[in-house]
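Note sheet for the following structure.
Residue numbering restarts at 1 for every chain, and letters A, B, ... go by the order of the sequence lines. The figures that follow rest on heavy atoms only: side chains count, while hydrogens, waters and symmetry mates do not.
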Amino acid sequence: MTVNELIQFVNGVVVDTSNLERGFLLGAGYDGDKKVAYLKILDPDTQKVYYYYDKTFHKPYCFSKKSPSELAYLRKRDDVEDIVVEEKWDPLTDSMIKVSKIITKDPLAVGGHPSEKSIRNIETCYEADIKYYENYLYDLGLIPGTFVKLENNKVQEILNEFSEEMQTALKEAMRESDEYLKKYIEEYAALLSQPFPQIKRAAIDIEVLTEVENRLPDPEKATQPIISIALAGNDGKKVVFAIRRNDVETGSAPEMPKDVELKFFDDEKQMLIEFFKEITNYPIIVTFNGDSFDMPYLYHRAQNLKIPRDAIPIVLGREIASIVHGIHIDLYKTFVNKSIQGYAFGNRYNEHTLNAISEGILGEEKVEVEGSINDLPMMNLAFYNYTDAKLTLELTSYDNDLLMKLLITLSRIARMNIEDTSRLSVSNWIRSMLINEHRRRNALIPRKEEIEQKGQEASSKAIIKGKKYQGGFVVEPLPGVHFHVVVLDFASLYPSIIKVFNLSYETVKCPHEECKTNILPNTAYWVCTKMRGMTSLLIGALRDIRVNYFKRLSKKAKSKEEKEFYNVISQALKVVLNASYGVMGFENFPFYCLPVAESTTALGRYSIQQTIEKAKSLGVTVIYGDTDSLFLKNPTEDQVKEIVDFAKEKLGIDLEVDKVYRYVAFSQRKKNYIGVYEDGSVEVKGLSGKKSHVPDFIKNVFFDVINILGKVKSPQDFEIAKEEIRKRIRKAYNDIKNRNVPLEELAFKVMLNKPIEKYTDTTPQHVKAAMLLAQKKEVKPGDIIAFVKTTTKDGVKPVEMARKDEIDVDKYIEFMESTFEQLLDALGFSFDEIIGATKLEDFFSF
DNA sequence: GCGGACTGCTTACCT
DNA sequence: ACAGGTAAGCAGTCCGCG
């Protein structure tokens, strides 16, 4: 059965439509049976997804530098359609060259087969590792996440109309940009300010009877019955489909919301059929781990139960699962993405479980289950199941559908299927963005090793052993307490440098003789004076549009909704910009270019050091700085202005006042300080006390002390604070000494990053604990191991296996001491003086 | 056989 | 599977020590 026939069943309509006034492009795909590319287009009015099959006769292809006659032997293959000569611009030589375009009948003829069946395995090809449907999108100029129209079988982007405010803001944003940059900024403004459509979506979650406790059933075999399925829709739909069982109690779930529909079935097959019908109402299906569990399980279970193929709306790929009537988003993959975790959600979760992520982002937790799912009373199981689906949905709907909007915006920037954007990492997004740029310039994409010819060895030496080149510069902090500190910050420093210094793989060490004298300061490289680099333009435009356009529009917004709209776009841009420099130094990135990465940080060091010199010359004390920031001690407004102007005029980079602290306390450590704002709120950076592995008990004391410090308004106040701090720490000290602390609060929580057996060089404490734990239950990479320090043989025990009397009290006192030392150091008092080291015995008399 | 100095491994943080 | 820089704790090693 072809995808086409399937869809006809699912939607009950002929889906290969030729006319649609305003559709929303979800993505592209390839139909292996019809051998043709297709688009999935959502009609926002009906919430139905139409398939548009290519009618431009687009074919798979790749390029070779050999002549067609040298490649003539390929013509004998029946999967090769034609070989034609094309002229393309070669970025590395800055010249037009002739290449052979090998056109095939099947994407597998280009690549994807492990053998000689794929041409890229037998010839040195160009652009042969781009997925066929990606090529289709680039070549037709279509962008997933945007609005398109279908008119007489032609598909076209619908361009955005600009309001007056947007026009004005755009002019303002482009004021300082060069001619080249302006074009890009205008395009991005139009692309990214498109509205977000309302799309129906539902989160689903299944429960399966387990054979062996604590072991996940095999989704390929799907031998065990599905006993419950929950669905939570953004239209308010809440359903649990469950099997009526006699072997467990009915149970009760008083917390279950009244509006959850409960549909009980005697027959599993009937349940699945009903469920499949229900989900076809939702063009977006959301799961947590659906790619590797729920979707393949449902699919194979349905097959085992002899449900006809055309009643199963699931399409399984090699690693991803999709749905016929729309798209499937597996949130697990989205939340594992480091850029999403860090830049979009501020590292509010560390562990990649539904529970940990929900807790971090929503402040809600899963329902706890003791023992096996198998023995759970029916109602309790339904409630547990429903809660998971609800949390999954909420992760996409919280903050006004923030995540969905981010994914759509990122798809627009990356020009990538929404399904792919949600699963792939930032280097893939940027790769796609750059490939598209090459296509529209008719540029041949160099092979990776050709770019690497530019330089394999760095000219700077990394400070950290094993790293390739030197990074940011950190100023030695001036220890002590400093009142009225102004923090200056280069606005997205590295993207600015890439923009201002024209950094790109083809412009750094460009082929022109006359550019060789144009040396980049603080580096061993020259940069092109004749052409604007591609990454410089793209990253530069993204930077300018974020800083000068969306951020300004957000400040001027008239409504909350408008403000939020601009903030989402700004946030998505931040994610891409923050990674834009890093990918240049990432070996597996297809446009990896060490000279570009190295120049970026070298120019960063140059910028901050020049600015420090300027500050010094004005008599301003720089008490600290890290990569792109400078902490100034009690500067005048004029001094600040002069430094900011210097950066703009002499370096061409925006330097802004980021924050003003009432006071800052530094120890002698870098990346380690507390800053107190005028309103008494406190920012803690790098101190052990805030680190996630620290036992809750110590963390609580730490933050109590921080709160006390927030109340300090003048140097005199420290005396009072000191007394309060002393009391708080003494109490904690006593509690530990007297074993008055619950075990859980003493647990260190450290992540296991690899399987236990891979720790061959050393056996850290959390691994020792994990080994003990492994005797009782499965321990996997990514798990957080909770352990306490004990006086037993290994020195540690998993918290659930330890007793209070085994706790190594002295180790905890030691740990507490070093944690507070960082803080007390900076304030000029010591732990000993707080505790009163000579009076230790006093505490035992309590 | 033990302790101190040292290095390397590991994790979590900062930009 | 974006980068490098820093802090901290602990594991393991080397060396001296009659």
Side-chain angles (χ1 to χ4, degrees), chain A residues 333 336-343 346-347 350 424-431 458 460-477 487 489-490 492-495 498 539 575-594 596-602 604-605 608 624-631 658 667-673 683-694 748-754 758-768 770 784-785 789 794-796 811 814-815 817-819 821-822 825:
Chain A
K333 295 206 172 141
V336 162
N337 187 314
K338 254 176 69 187
S339 301
I340 298 276
Q341 178 176 348
Y343 300 125
N347 281 317
N350 302 310
L424 300 175
S425 63
V426 64
S427 64
N428 286 286
W429 303 338
I430 296 175
R431 164 190 181 265
S460 62
K461 195 175 173 299
I463 291 172
I464 308 171
K465 228 197 255 180
K467 299 286 184 188
K468 291 171 298 221
Y469 59 92
Q470 202 173 355
F473 172 69
V474 188
V475 180
E476 203 71 53
V487 181
D489 178 294
F490 289 104
S492 47
L493 178 65
Y494 289 163
I498 291 172
I539 294 166
V575 173
V576 174
L577 284 170
N578 276 329
S580 62
Y581 137 75
V583 296
M584 299 300 170
F586 171 45
E587 283 106 328
N588 292 332
F589 183 57
F591 300 93
Y592 167 59
C593 189
L594 199 141
V596 169
E598 198 191 343
S599 304
T600 309
T601 58
R605 296 192 297 276
I608 191 172
Y624 182 61
D626 187 347
T627 310
D628 60 358
S629 65
L630 286 177
F631 290 54
D658 184 28
S667 62
Q668 70 287 4
R669 299 164 186 83
K670 294 171 174 178
K671 300 184 190 281
N672 206 288
Y673 61 88
E683 201 159 48
V684 182
K685 294 290 184 185
L687 273 71
S688 293
K690 76 177 281 194
K691 294 198 176 183
S692 56
H693 72 279
V694 171
F748 287 83
K749 293 172 195 155
V750 178
M751 185 177 286
L752 193 71
N753 282 325
K754 48 190 181 185
K758 292 254 170 83
Y759 287 86
T760 50
D761 298 328
T762 55
T763 315
Q765 293 194 322
H766 69 294
V767 180
K768 281 190 183 133
I784 305 267
I785 309 296
K789 296 189 188 242
D794 293 312
V796 293
K811 281 269 160 52
E814 237 174 74
F815 187 83
E817 186 170 345
S818 73
T819 303
E821 201 177 57
Q822 291 182 346
D825 245 17

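Among the protein residues, Lys691(A) comes within range of the nucleic acid bases, having at least one heavy atom under 4.0 Å from a base atom. At the heavy-atom level, Lys461(A) lies nowhere under 4.0 Å from the strands shown. When heavy atoms are screened at a 4.0 angstrom cut-off, Tyr343(A) is found touching base atoms of the nucleic acid. Note on Asp626(A): only backbone sugar-phosphate atoms sit closer than 4.0 angstrom, heavy atoms only; bases stay farther off. Gly471(A) comes within 4.0 angstrom of sugar-phosphate atoms only, judged by non-hydrogen atoms across all strands, and of no base. Across all strands shown, Ser580(A) has no heavy atoms under 4.0 Å from either base or sugar-phosphate atoms. Across all strands, Gln822(A) comes closer than 4.0 Å only to sugar-phosphate atoms, never to a base (heavy-atom distances). Using a 4.0 Å heavy-atom criterion, one finds that Lys811(A) contacts no nucleic acid atom at all. Among the heavy atoms of the strands lying under 4.0 Å from Tyr469(A) are primed sugar atoms or P, OP1, OP2 only; no base atom is included.
The Ser688(A) side chain lies nearest to dA8(C) when the options are dA12(B), dC2(C), dA8(C). Ranking dT6(C), dG8(B), dG9(C) by closeness to the Lys465(A) side chain, first place goes to dG8(B). With dC2(C), dG4(C), dA8(C) as the choices, the nucleotide that has an atom nearest any side-chain atom of Ala579(A) turns out to be dC2(C). Ranking dC2(C), dA7(C), dT15(B) by closeness to the Tyr673(A) side chain, first place goes to dT15(B). The side chain of Gln765(A) approaches dC10(C) more closely than any other nucleotide in the set dA3(C), dT11(B), dC10(C). Listed nucleotides: dA3(C), dT11(B), dT6(C). Nearest to the side chain of Val474(A): dT6(C). Here the side chain of Asn753(A) is nearest to one of dT11(B), dG5(C), dG9(C), namely dT11(B).
A donor and an acceptor atom, one from each side chain of Ser460(A) and Glu598(A), are located under 3.5 Å apart.
No side-chain heavy atom of Phe591(A) sits under 4.5 Å from any side-chain heavy atom of Val596(A).
We find that CG of Asn428(A) is positioned 11 Å from C1' of dC2(C), with the value rounded to whole Å. Rounded to an integer number of Å, the gap from OH of Tyr624(A) to P of dT15(B) is 6 Å. Glu476(A) has its CD atom 13 Å from the C1' atom of dA7(C), to the nearest Å.
Of the residues near DNA chain B, Tyr759(A) and Ser629(A), the one whose nearest nucleotide (by heavy atom distance) lies more toward the 5' end is Tyr759(A).
The side chain to side chain contact (heavy atoms under 4.5 Å, CB included) test with Ile608(A) singles out one residue from Leu630(A), Val474(A), Asp628(A), Thr627(A), and that residue is Leu630(A).
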